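Small disclaimer: the values here were computed from a predicted structure and weren't measured. Letters go in sequence order (proteins before strands), and every chain restarts at 1.
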Protein chains: 2
Amino acid sequence: MNLDERKRKILSSVVEDYIESAEPVGSKTLVEKYHLDYSSATIRNEMKLLEEAGYLEQPHVSAGRIPSTKGYRYYVDNLMKERKLSMVDINYIDNTINGFGDTDAIFEQIADVVSKILSTPTVITKNNTDTIENIKVVKISEKLLLIVLMSKNGTVKDCIAKLTDTVEDDVIEKLTNILNKDLAGTPIKELHLALNNVIMKDLQAFSGIMDDVVNSIKYEMSKDMKKLNSGIENILEKPEFSDIDKVKNFINMISTKEIIDSALQKSKDNKLSIVIGSENKEVLLNDYTIISLDIEKDNKYLGKLSVIGPKRMNYAKTISTLKYINSKFKNTLTSGKKNNNVKGDNSEKGRK
Amino acid sequence: MNLDERKRKILSSVVEDYIESAEPVGSKTLVEKYHLDYSSATIRNEMKLLEEAGYLEQPHVSAGRIPSTKGYRYYVDNLMKERKLSMVDINYIDNTINGFGDTDAIFEQIADVVSKILSTPTVITKNNTDTIENIKVVKISEKLLLIVLMSKNGTVKDCIAKLTDTVEDDVIEKLTNILNKDLAGTPIKELHLALNNVIMKDLQAFSGIMDDVVNSIKYEMSKDMKKLNSGIENILEKPEFSDIDKVKNFINMISTKEIIDSALQKSKDNKLSIVIGSENKEVLLNDYTIISLDIEKDNKYLGKLSVIGPKRMNYAKTISTLKYINSKFKNTLTSGKKNNNVKGDNSEKGRK
DNA sequence: TTTTAGCACTCTTTAACTTTAAGTGCTAAC
DNA sequence: GTTAGCACTTAAAGTTAAAGAGTGCTAAAA
């Protein structure tokens with residue numbers, strides 16, 4: 001079905017009003033609020049047609065209409081106007097994402113910022129093909145070593161190893177060399193296994209300190225896999241989560257790594273992907289929309305930044321936020337400079 | 001009022017039943033469930049006296065009784081039996097708190113473990129008199145420096161500084177020396193100011209890299225102040241939070257640093273402090289109980305581990321958990337060894 | 001003197017019913 | 001093609017009634 005101008009206008013108004021109000025939209029509301037130059041009866045007839053064509057739904061017979069998945073999809077693809085981010089939001093982003101820290105730290109900052117601006121949970125998934133590039137071992141006191149692992153994509157992980165014995169400088173140097181020789185190029189997801197091999201092969205001589213060093217590294221890397229989302233508390237404000245059971249279900253769902261992974265995998269081809277409601281094969285996600293953006297640097301895929309929320313989300317704002325973040329992120333990472341007037345002590349100033 | 005044996009038994013049963021069920025406890029329940037060898041009428045008379053004496057409360061006339069703050073207090077001080085932690089919990093703690101990482105990392109592990117075992121939010125406050133002991137600067141690549149700050153109490157913070165220019169090894173050595181000379185002994189809470197002074201005084205010569213280094217440090221330290229609690233999602237399961245507004249209020253409350261600080265400050269004298277309901281001067285906390293434990297190492301006060309939840313919390317289990325953690329923590333920190341059969345790769349195994 | 005059976009009383013919870021309000025779909029007229 | 005008008009449906013809000021839980025008191029029993 002081809003939608004004529006009037007139908008498009010009506011659909012667009014229904015979507016936008018519903019995104020704003022969370023209430024089914026009636027014909028009278030449309031006429032008054034959106035200045036459609038027809039009577040409510042005409043609008044009703046049009047809405048009926050839109051419903052029959054699958055763009056709108058009616059929770060019950062005496063309620064207004066809400067957009068269907070198909071309706072949202074049409075809106076996103078054809079009706080939605082590109083939206084500029086407000087200066088407030090731009091300033092907030094600029095002041096908060098300051099470029100300090102490694103790739104992971106910046107990923108985390110981004111997730112926090114996005115979840116605050118959009119009041120919605122945000123998930124970051126990292127590309128799991130990243131590899132170890134370089135390892136440094138620093139002696140920071142008699143029995144404490146700091147082990148620094150740098151990845152190809154610019155992630156720096158470090159961990160403290162508490163030694164049971166003291167250790168000489170030349171031992172540390174040897175250890176560093178061996179670790180680098182054996183581990184450089186290892187995919188991070190295989191590090192665990194690789195570490196075991198290193199022990200077997202080359203590090204028998206260091207048995208006194210190896211357990212401490214290797215276990216510390218393993219632990220640090222395992223910790224990393226866990227914290228991948230932020231902003232859960234924001235959904236409490238949304239009317240669709242006024243029921244505590246829905247909140248629990250939602251939290252459980254996005255804490256289940258498999259569900260999130262399944263949702264994010266299939267959208268690898270295009271940089272910005274939008275999966276609305278029942279477009280998602282995972283049934284548990286059928287009431288939600290996931291918008292995600294591939295993050296790249298020098299044409300290398302670093303990971304995916306995803307926003308997950310109810311279908312009734314602010315698509316225009318979400319998309320413009322992600323796009324702005326993306327441009328900024330590229331800049332932050334590739335230049336190696338912090339990009340603007342960051343003074344270093346205004347990181348607390350943004351919104352709360 | 002002196003409570004005779006029967007009253008003590010009744011009070012104790014009311015408290016324990018209410019902690020378990022979250023429902024007001026009636027006389028019949030007590031007789032049947034706790035095998036009191038009296039009729040329900042006798043129990044009713046006793047409960048009336050207990051209410052008049054202020055140990056029990058009645059939500060409304062046709063409901064059972066719930067403990068008052070005074071009732072909980074009497075229970076905690078006189079009736080509660082010391083409880084052994086279950087083997088499941090002990091194993092979980094042992095496998096999760098593995099001694100890897102610095103003091104902060106262990107603090108964080110502890111907060112996570114406690115909040116999981118007790119299903120309640122946990123707050124860690126750190127002693128803010130900790131001072132900088134030693135600073136190392138490590139060059140990890142052409143334009144990347146890793147700055148490591150060690151505190152007197154064993155906290156290790158590090159941050160990446162991205163430089164705008166390359167830097168020579170001898171410059172790094174000089175920089176390290178100056179930083180150590182000027183900053184060693186500085187209280188962490190004054191670090192921000194101290195860093196400004198250092199720039200003014202000794203580091204004019206390094207102006208090319210100083211902004212990067214100093215700002216990175218400042219940012220890292222500011223980040224540290226934020227994340228002090230975990231386990232908020234656990235309260236969703238508790239019946240007192242079936243109303244979403246209560247959840248919101250609670251989250252707001254414990255996110256407000258001032259409230260938590262005010263609650264924790266006044267209990268500095270004894271190592272285990274229990275503040276029940278209206279004993280807390282902060283009105284917003286009058287429906288909650290805070291149990292906290294001072295954490296020490298070598299007689300040095302490191303910080304406070306606090307559990308915050310509804311008055312109706314499992315006091316016995318909370319206390320035994322904190323005590324066990326405390327003993328384990330001491331062990332973990334002072335020995336410099338990981339304490340038991342940690343294999344390093346079982347950190348994911350505990351409960352989810 | 002202490003304990004207990006019995007019962008009237010209070011208050012909450014639940015269910016059933018009624019009313020109100022919102023918004024539709026259809027018809028017939030414009 | 002558009003619109004006024006109206007009967008109709010349904011959810012939400014309000015009302016009333018009944019059921020259930022637990023008490024406090026009285027008077028009798030131990």
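- Donor-acceptor pairing under 3.5 Å is lacking for the side chains of Y324(B) and D89(B).
- Distances shorter than 4.0 Å separate some side-chain N or O of T42(B) from OP1 or OP2 on dT4(C).
- Across the protein-nucleic acid pair, L36(A) atom CG and dT3(D) atom C1' stand 15 Å apart, rounded to whole Å.
- Note: CG (L30(A)) to P (dA22(C)) measures 16 Å, nearest angstrom.
- A straight line from CD of E5(A) to P of dG1(D) spans 18 Å, rounded to a whole angstrom.
- Across dG25(C), dT2(D), dT10(D), the shortest atom-to-atom separation from the side chain of V61(A) is found for dT10(D).
- You'll find that the side chain of H60(A) is closest to dA11(D), out of dT24(C), dA11(D), dA5(C).
- A side-chain donor from one of R44(A) and S40(A) sits under 3.5 Å from a side-chain acceptor of the other.
- At the phosphate of dG25(C), OP1 or OP2 sits under 4.0 Å from a side-chain N or O atom of R65(A).
- One N or O donor and one acceptor, one from the side chain of R44(B) and one from the base of dG6(C), sit under 3.5 Å apart.
- Between S39(A) and dT3(D), a side-chain N or O to OP1/OP2 separation shorter than 4.0 Å is present.
- Among the heavy atoms of the strands lying under 4.0 Å from K48(B) are primed sugar atoms or P, OP1, OP2 only; no base atom is included.
- Taking atom CE on M47(A) and atom C1' on dG25(C), their separation rounds to 13 Å, with Å as the unit.
- Projected onto DNA chain D by closest heavy-atom contact, D37(A) and S27(B) fall at different nucleotides, the more 5' of which corresponds to D37(A).
- For the residue pair R312(A)/Y72(A), the side-chain donor-acceptor check at 3.5 Å is not satisfied.
- Counting only N and O atoms by type, the side chains of R65(A) and Y18(A) include no donor and acceptor under 3.5 Å apart.
- Both Y38(B) and S62(B) lie near DNA chain C, and the one whose nearest nucleotide falls closer to the 5' end is Y38(B).
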